[in-house]
Amino acid sequence: MKKTVIILIISFLLIGSAGCKNIRKANIKVSSKPSEAEVYINGELKGKTPLTLTLAYGTYQLELKKSGYKDIKKELTVNEKTENINIALTENSQFVINVDPEQNYTLLKFPYTVYLDGNFTGKTTPCKLENV
């Protein structure tokens, strides 16, 4: 009887452990220049750079955001070869210039040709210059 019980216990242990998978993980440090960029993994805010994350092996959507800088989106594959991530953020230099006679330019008479940095924009006032 004792032998049967021991065999049953060993069998249950072997069957139970067969269902357990060894989930492999990696520690990854995410840095940005400048620092303090928000780090999102699959749309979920994880913190600000510099940030060390522990992620299971797999593929993730990494996103960095910082006010005044362009958002960075990239696919991140985590495995034994994954290294620390260093990202240089690019300033968001897009802005709009609106040259409009409704803005009470009392000394100006419209239309005028519009130049930017000495180059003709192809526009005359009133106009709107975007992404300059």
Side-chain angles (χ1 to χ4, degrees):
M1 180 72 175
K2 286 183 182 180
K3 203 176 204 181
T4 306
V5 172
I6 292 173
I7 292 173
L8 285 173
I9 290 173
I10 292 173
S11 297
F12 283 121
L13 290 174
L14 290 175
I15 292 170
S17 66
C20 295
K21 291 185 179 178
N22 184 12
I23 298 175
R24 299 184 70 187
K25 296 182 179 182
N27 290 326
I28 301 164
K29 184 175 181 182
V30 181
S31 302
S32 67
K33 188 173 182 182
S35 62
E36 297 294 310
E38 294 177 332
V39 178
Y40 292 83
I41 299 292
N42 293 343
E44 183 181 334
L45 178 62
K46 296 295 184 178
K48 292 186 176 184
T49 59
L51 178 68
T52 300
L53 298 167
T54 301
L55 297 171
Y57 285 12
T59 302
Y60 300 87
Q61 184 66 36
L62 170 69
E63 189 171 359
L64 270 65
K65 295 181 179 185
K66 183 172 177 75
S67 180
Y69 294 84
K70 293 181 182 178
D71 293 351
I72 302 287
K73 290 182 183 181
K74 66 184 284 181
E75 187 174 275
L76 170 63
T77 300
V78 177
N79 56 40
E80 69 276 355
K81 295 180 183 179
T82 304
E83 296 181 1
N84 294 334
I85 300 165
N86 299 301
I87 297 176
L89 301 174
T90 304
E91 285 188 67
N92 190 357
S93 61
Q94 296 181 351
F95 59 93
V96 173
I97 299 174
N98 193 5
V99 184
D100 189 341
E102 306 269 328
Q103 300 296 319
N104 297 325
Y105 299 110
T106 55
L107 299 177
L108 299 178
K109 293 185 179 182
F110 289 92
Y112 282 99
T113 53
V114 178
Y115 288 79
L116 184 63
D117 292 332
N119 299 310
F120 179 55
T121 62
K123 300 199 178 220
T124 57
T125 58
C127 68
K128 187 176 191 180
L129 302 177
E130 296 187 30
N131 300 323
V132 292

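All values reported here derive from a predicted model rather than from experimental measurement. These values consider heavy atoms only, across backbone and side chains, with no hydrogens, waters or symmetry-generated copies.
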Could you measure the distance from the [atom1] atom of [X] to the [atom2] atom of [Y]? Nearest 0.5 Å is fine.
X: Ser32; Y: Glu38; atom1: OG; atom2: CD; value: 11.0 Å
X: Lys33; Y: Thr49; atom1: NZ; atom2: OG1; value: 12.5 Å
X: Lys74; Y: Gln61; atom1: NZ; atom2: CD; value: 10.5 Å

Between [X] and [Y], what is the shortest heavy-atom contact and its length?
X: Lys70; Y: Glu91; answer: CE-O, 4.1 Å
X: Pro34; Y: Lys66; answer: CG-CE, 3.7 Å
X: Ala56; Y: Lys25; answer: CA-CG, 3.8 Å

Note: with side-chain heavy atoms under 4.5 Å as the link, the other cluster members for Leu51 come out as Ile28, Val30, Val39, Ile41, Leu53, Leu55, Tyr57, Tyr60, Leu62, Leu64, Tyr69, Ile72, Leu76, Val78, Ile85, Ile87, Leu89
Take a 6.0 Å sphere around CD of Glu36 and say whether it holds more than 12 heavy atoms from other residues, nucleotides or ligands.
yes
